[in-house]
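See structure below.
Values below: every heavy atom of this structure, side chains too, minus hydrogens, waters and symmetry copies. Please read all numbers here as calculations on a predicted model, not as lab measurements. Naming convention: chains lettered A, B, ... in sequence-line order (proteins, then strands); numbering from 1 in each chain.
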4 protein chains.
Amino acid sequence: MKAKRLFHDSQRPGRGRPRQAATGHAILRATREILARGGVHGLTVEGVAARSGVAKTTIYRRWRSKEDLALAALLEVVQREPPVRHLGHTRTALNAYFGRMISNFQSRLYGRVVRGLVSDLAVDRELARGFREQVLARRVAEVTGLLQRGIERGELRPDLDLEIAIDLLFGPIYYRLLISGEALTSAFIDRLVGAVMAYGR
Amino acid sequence: MKAKRLFHDSQRPGRGRPRQAATGHAILRATREILARGGVHGLTVEGVAARSGVAKTTIYRRWRSKEDLALAALLEVVQREPPVRHLGHTRTALNAYFGRMISNFQSRLYGRVVRGLVSDLAVDRELARGFREQVLARRVAEVTGLLQRGIERGELRPDLDLEIAIDLLFGPIYYRLLISGEALTSAFIDRLVGAVMAYGR
Amino acid sequence: MKAKRLFHDSQRPGRGRPRQAATGHAILRATREILARGGVHGLTVEGVAARSGVAKTTIYRRWRSKEDLALAALLEVVQREPPVRHLGHTRTALNAYFGRMISNFQSRLYGRVVRGLVSDLAVDRELARGFREQVLARRVAEVTGLLQRGIERGELRPDLDLEIAIDLLFGPIYYRLLISGEALTSAFIDRLVGAVMAYGR
Amino acid sequence: MKAKRLFHDSQRPGRGRPRQAATGHAILRATREILARGGVHGLTVEGVAARSGVAKTTIYRRWRSKEDLALAALLEVVQREPPVRHLGHTRTALNAYFGRMISNFQSRLYGRVVRGLVSDLAVDRELARGFREQVLARRVAEVTGLLQRGIERGELRPDLDLEIAIDLLFGPIYYRLLISGEALTSAFIDRLVGAVMAYGR
DNA sequence: GACTAAGCGAGACGGTACGTCGCGTCTTAAA
DNA sequence: TTTAAGACGCGACGTACCGTCTCGCTTAGTC
């Protein structure tokens, strides 16, 4: 009967009372705080509503699910990340890049959200699209940039299979984070980057 | 204040009426069927009880949670896998091994369960231990074996960093399965194995 | 702290843009349509707004509640009723009068609205006043007229307790409509009127 | 999928854990208290749950709706009423009977519940059946008894139309309670009973 | 052969959270 | 000032599962 509204947070036409920006921030702040302790598991729409002093309905008006909400909170953080520094040796740059990445994983928010959302990526297409387009694509582009510069600088061979190289770098990190549970230390990053450089030379 | 029951499936003292073996099978069969469609998301203790004609209590007597149950269903399948064949070139053997692995992932049950459980691994230590000891360790041992044989056969250099090699093989596969969502084709396996062989030579 | 608006449908001061008469009709038409199927139970301000293409605010500017709105829709119908015919025997006239009344009850709108509003009469004084002054008083006056004419014509005794007579006529009808649920047939009306005539002679 | 369970409060087969009688009482007590102030309007399942310290689900397990619940609370009271006394003149007996009835209506609970439920009788067949079979039928039978005894005693004529007599007695009372809002005094009862006796003689 | 300790099915129960409906008020921009 | 549009806080809804409990009945081995 009633047409389903599709824009959950996205830009809407300028009719009716505009959304209160403050409301959105309050929601996301509460979300972050709850995520930090408790992770996605401990996140409930009811809880966010209570903590942010916002009505449950208002939250549902803007996000489809608590997973969407968690992703939004994640995005806020990701988008504030400083751009990559393309300086010095490729190996050094990669080390720095992934070093920062694993320290992000260690942080309450980032690691918990990613771990908490993985299972839902397989089930919720919208969520997966959001995560891949807004978080993953960015990271992949950054590292691809570093690798390409490595080729230009002659540190990597020109015919390097970039796609596989990307998988070889990101794969083991997520594998340790999610599956094997083994430590994500900078020593490990060093060995990993070393191996990929060796392969790519 | 009642003492917590500790043996959830493990052997219990031989007093009273012994457990009906058939009951356990019925439960696991229902679990598998539900997992096949709907994945871990669609799995509920209530549903399993209904489908298997078993009382909820009976299920809780044997497993701590639906995640445990899913893992148990997974194990049944894993334990029935034939042993690895150590024949021919290392590259060929690895190709065969991971080829079978991704075809497992494609199967309803296996892929769904793994995807559905990842998020819980971070939260449920028992579950993580079970998964790592019973599923992962086995796979890692098998591949380590293949790699070691490759060293013996002179196809891989003796000082190869085995730990990293393992990460380089499993990582990208799980990464694609869980994170990037990109296709897990045999062509991809071929390129991946090729890259690792190149690195290890 | 804004002063409460008092004129809900009544005449307002002639400043600013005057109300669109068409708007009011559209609202009442939508209301009638919704009432016809679904009754007061199915009536919602939200629904009326959607169906009439009018904003919720506009409705609230004119009526206090959905019950008020239902009453307004009822009044439109009631006010269009033709006046009573004072012809022939009193018994015949009463039969005709109440015959028309129960056929009104059978109609979707009328019966449903009355049944739907009764419970609110006890709670909403405004509503009760409206209903009694605009609907009930009219009917009572009409029947009182018929009875008085009966007295003048010598068909009823002069010392008849008119108040009780009115109760004896209306009471059983509403009782069947609302409480006992027994059939409101013209045969019943005949017996009822007969009984009251017998009592009043 | 799951077979709907039909017995809401009624007798169930003796499987599973039996219902806690105390729970039911707690629920009904809370219901009565809430009904007394606030009537059916102020009655919410949530409120009853809170007040009785019982889980909402438990309430829904036993009653289909808050209206059902209100009816149940009413029944408890009704069933405790003492039987009618068949003594003295019929007119006196009727006066006594209906006198007690209107004093019941004045009571918080009874009047409020009846007024609150009327509108729902038209919509909820189950509810209507319950109310008519358990409350109304009983009252009608009692009064019918009184009238029949009046016939036997020669105070009423043998060919009296009992059905209409019943309507003539109950009708005006409910009419005043629900529709006209006029006072339900014992003087009124006296005039009403007088009128019906006059008609029935 | 009865006793007894569990197994087992059934379902009650308290609980948490869900996602939705409708309310009545508000804040915009356009008319 | 009216109007359409829609945000917002709010209260309640009825449902899904959770994990625990309390029944009655069954099924072994042990005394």
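- In the set dG9(E), dC23(F), dC23(E), the nucleotide with an atom closest to the side chain of Val54(B) is dG9(E).
- A donor-acceptor contact under 3.5 Å is formed by the side chain of Lys56(D) with the base of dG14(F).
- Under the 3.5 Å distance criterion, the side-chain polar atoms of Thr31(A) are left unmatched by any main-chain donor or acceptor of Ala73(A).
- Atoms CG (Leu43(D)) and C1' (dG11(F)) sit 14 Å apart, rounded to a whole Å.
- Here dT15(F) presents its C1' atom at 15 Å from CD1 of Ile59(D), a figure rounded to the nearest Å.
- Minimum atom distance to the side chain of Glu46(B) is reached by dC18(F), of the listed dT3(F), dC18(F), dG19(E).
- Remark: C1' of dG14(E) and CD1 of Ile27(D) are 12 Å apart, rounded to the nearest angstrom.
- You'll find that the side chain of Val45(C) is closest to dC23(E), out of dT3(F), dC23(E), dC13(E).
- Following rounding to the nearest Å, His41(D) (NE2) and dG22(E) (P) show an atom-to-atom distance of 16 Å.
- Between Glu67(D) and Leu117(D), some side-chain heavy-atom pair lies under the 4.5 Å cut-off.
- Nucleic acid contact class of Gly53(C) (heavy atoms, under 4.0 Å, all strands): sugar-phosphate only.
- Across dG14(F), dG22(E), dG15(E), the shortest atom-to-atom separation from the side chain of Tyr60(D) is found for dG14(F).
- Taking both residues in full, the closest heavy atoms of Leu71(A) and Phe131(A) are given as CD2-N, 3.7 Å, listed atom of the first, atom of the second, then distance.
- Between the CG atom of Leu69(B) and the P atom of dC18(F) there is a distance of 10 Å, given to the nearest Å.
- For the pair Gly47(B) and Gly47(D), nearest-nucleotide mapping onto DNA chain F gives the more 5' position to Gly47(D).
- Nearest-nucleotide mapping onto DNA chain E: of Ala21(D) and Thr58(B), the residue sitting toward the 5' end is Thr58(B).
- Close to dG22(E), at under 4.0 Å from its OP1 or OP2, lies no side-chain N or O of Thr44(C).
- We find that CH2 of Trp63(B) is positioned 17 Å from C1' of dG19(F), with the value rounded to whole Å.
- Side-chain atoms of Arg61(A) lie closest to dC8(F) of the nucleotides dC8(F), dA4(F), dC8(E).
- Remark: the backbone N or O of Thr44(C) is not paired with any side-chain donor or acceptor of Lys66(C) at under 3.5 angstrom.
- Distances shorter than 4.0 Å separate none of the side-chain N or O atoms of Arg17(A) from OP1 or OP2 on dC26(E).
- No donor-acceptor pair under 3.5 Å is formed between the side chain of Ser52(A) and the backbone N or O of Ile27(A).
- Side-chain atoms of Thr57(B) lie closest to dG9(E) of the nucleotides dC8(E), dG9(E), dC18(F).
- Contact between the side-chain N/O atoms of Arg62(B) and the OP1/OP2 oxygens of dA6(E) is not found at any separation under 4.0 Å.
- Counting only residues at least two apart or in different chains, salt bridge (charged side-chain N to carboxylate O under 4.0 Å, His left out) contacts with residues 115-124 of chain D comprise Arg64(D)-Asp124(D).
- Between Arg19(A) and dC26(E), a side-chain N or O to OP1/OP2 separation shorter than 4.0 Å is absent.
- Closest approach to the Gln20(B) side chain among dC13(F), dT3(F), dC8(E) is made by dC8(E) (side chain taken as heavy atoms from C-beta onward).
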